[in-house]
Amino acid sequence: MGITTFTQEFTTPIAPSRMFKALILDSHNLIPKIAPQGIKNIDFIEGDGGVGSIKQTNFADGGHLKYLKHKIDALDSDNLVCKYTLIEGDVIFDRIESVVYEVKFEASSNGGCICKMSSEYHTKAGVELKQEEIKQGKEKAIGLYKVVEEYLSANPNVYA
């Protein structure tokens with residue numbers, strides 16, 4: 001088994017605590033509401049959202065994926081950090097054992113935040129991932145963050 005790590009970050013004018021609440025603590029309610037064309041629903045199949053919980057994301061019909069399951073490994077609301085592992089999915093596990101993600105929201109000097117993300121791909125024996133193979137997933141993640149940013153900008157009292 002090999003491990004390939006990718007990192008990315010982006011800045012947003014939204015305060016870190018609001019982004020954390022929207023994207024981490026309440027994503028199961030917010031994301032299907034503001035991005036129904038991509039995500040049908042997000043349900044906890046184990047736990048209530050704390051460490052050890054497992055949530056399943058069900059994608060809208062006609063997409064590349066049908067579902068993904070993530071397990072929450074660490075959740076630090078004081079430092080705005082979440083670590084979780086992709087443990088199951090309907091397409092991607094032919095070459096990958098798991099993917100460990102860490103997302104951190106840090107304050108920026110303009111009152112907004114810097115969202116830092118790392119993805120650690122644990123591949124099956126003999127599999128080597130290339131940056132290009134991960135690019136589409138990373139772009140979708142950034143796209144989702146931008147949708148949340150736009151929603152929070154338009155609704156300044158939500159998650160305030």
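In this chain, residues are counted from 1 in sequence order. Only a predicted model underlies this, so the values are computations on that prediction, with no experimental measurement involved.
In this structure, Ile34 CD1 and Leu144 CG are separated by 7.0 Å, a value rounded to the nearest 0.5 Å. The CG atom of Asn41 sits 4.5 Å away from the CG atom of Asn58 when rounded to the nearest 0.5 Å. Taken from OG in Ser27 to CZ in Phe20, the straight-line distance is 10.0 Å, to the nearest 0.5 Å. For the atom pair CD1 (Ile31) and CG (Leu23), the distance works out to 5.5 Å, reported to the nearest 0.5 Å. In this structure, CD1 on Ile54 lies 10.0 Å from OG1 on Thr85, to the nearest 0.5 angstrom.
Around the NZ atom of Lys71, the shell of radius 6.0 Å holds no more than 12 heavy atoms that belong to other residues, nucleotides or ligands.
Side chain of Ser108 to main chain of Ile114: no donor-acceptor pair is present (N/O by atom type, distance under 3.5 Å, no hydrogens or angles). Ser118 places no side-chain N or O within 3.5 Å of a backbone atom of Thr7 that could act as its donor or acceptor partner. No donor-acceptor pair under 3.5 Å is formed between the side chain of Asp43 and the backbone N or O of Ile45.
Between Glu106 and Lys104 there is a salt bridge, since at least one side-chain N of the basic residue sits less than 4.0 Å from a carboxylate O of the acidic one.
The ring pair (Phe, Tyr, Trp, His ring centres under 6.0 Å) search around Tyr84 returns His70, Tyr101, not counting sequence neighbours. Partners of Phe59 by ring pair (Phe, Tyr, Trp, His ring centres under 6.0 Å), not counting sequence neighbours: none found.
Scanning both residues, Cys113 and Phe105, for their nearest heavy atoms gives SG-CD2, 4.3 Å. Nearest approach of Met19 to Tyr145, heavy atoms of both residues: CE-O, 4.2 Å. When every heavy atom of Leu30 is checked against every heavy atom of Ala22, the shortest pair comes out as CD2-CB, 3.6 Å. When all heavy atoms of Gly111 and Pro16 are compared, the closest pair comes out as O-CD, 4.5 Å. Minimum heavy-atom separation, Glu149 to Thr11: OE1-O, 4.1 Å.
Relative orientation of the Phe6 and Tyr121 rings is perpendicular, given thresholds of 30° and 60° on the angle between their planes.
The closest side-chain heavy-atom distance from Ile142 to Met117 is below 4.5 Å. A heavy-atom distance below 4.5 Å is not found between the side chains of Glu102 and Asp73. Taking the side chain as every heavy atom from C-beta outward, Lys124 and Arg95 never approach each other to under 4.5 Å. Between Ile3 and Glu120, the closest side-chain pair of non-hydrogen atoms falls below 4.5 Å. Between Ile39 and Pro32 the shortest side-chain heavy-atom distance falls below 4.5 Å. Within the 4.5 Å cutoff, the side chain of Val81 has no heavy atoms near those of the Lys83 side chain. Inter-residue side-chain proximity for Cys115 and Val103 is flagged as unmet; no heavy-atom pair is nearer than 4.5 Å.
Evaluation of the salt bridge (Lys or Arg N to Asp or Glu O under 4.0 Å) test over residues 17-39, restricted to residues two or more places apart or in two chains, returns none.
Linking Ile, Leu, Val, Met, Phe, Trp and Tyr residues whenever their side-chain heavy atoms come within less than 4.5 Å places Ile42 and Leu25 in a single cluster. Linking Ile, Leu, Val, Met, Phe, Trp and Tyr whenever their side-chain heavy atoms come within less than 4.5 Å leaves Ile96 and Val100 in two separate clusters.
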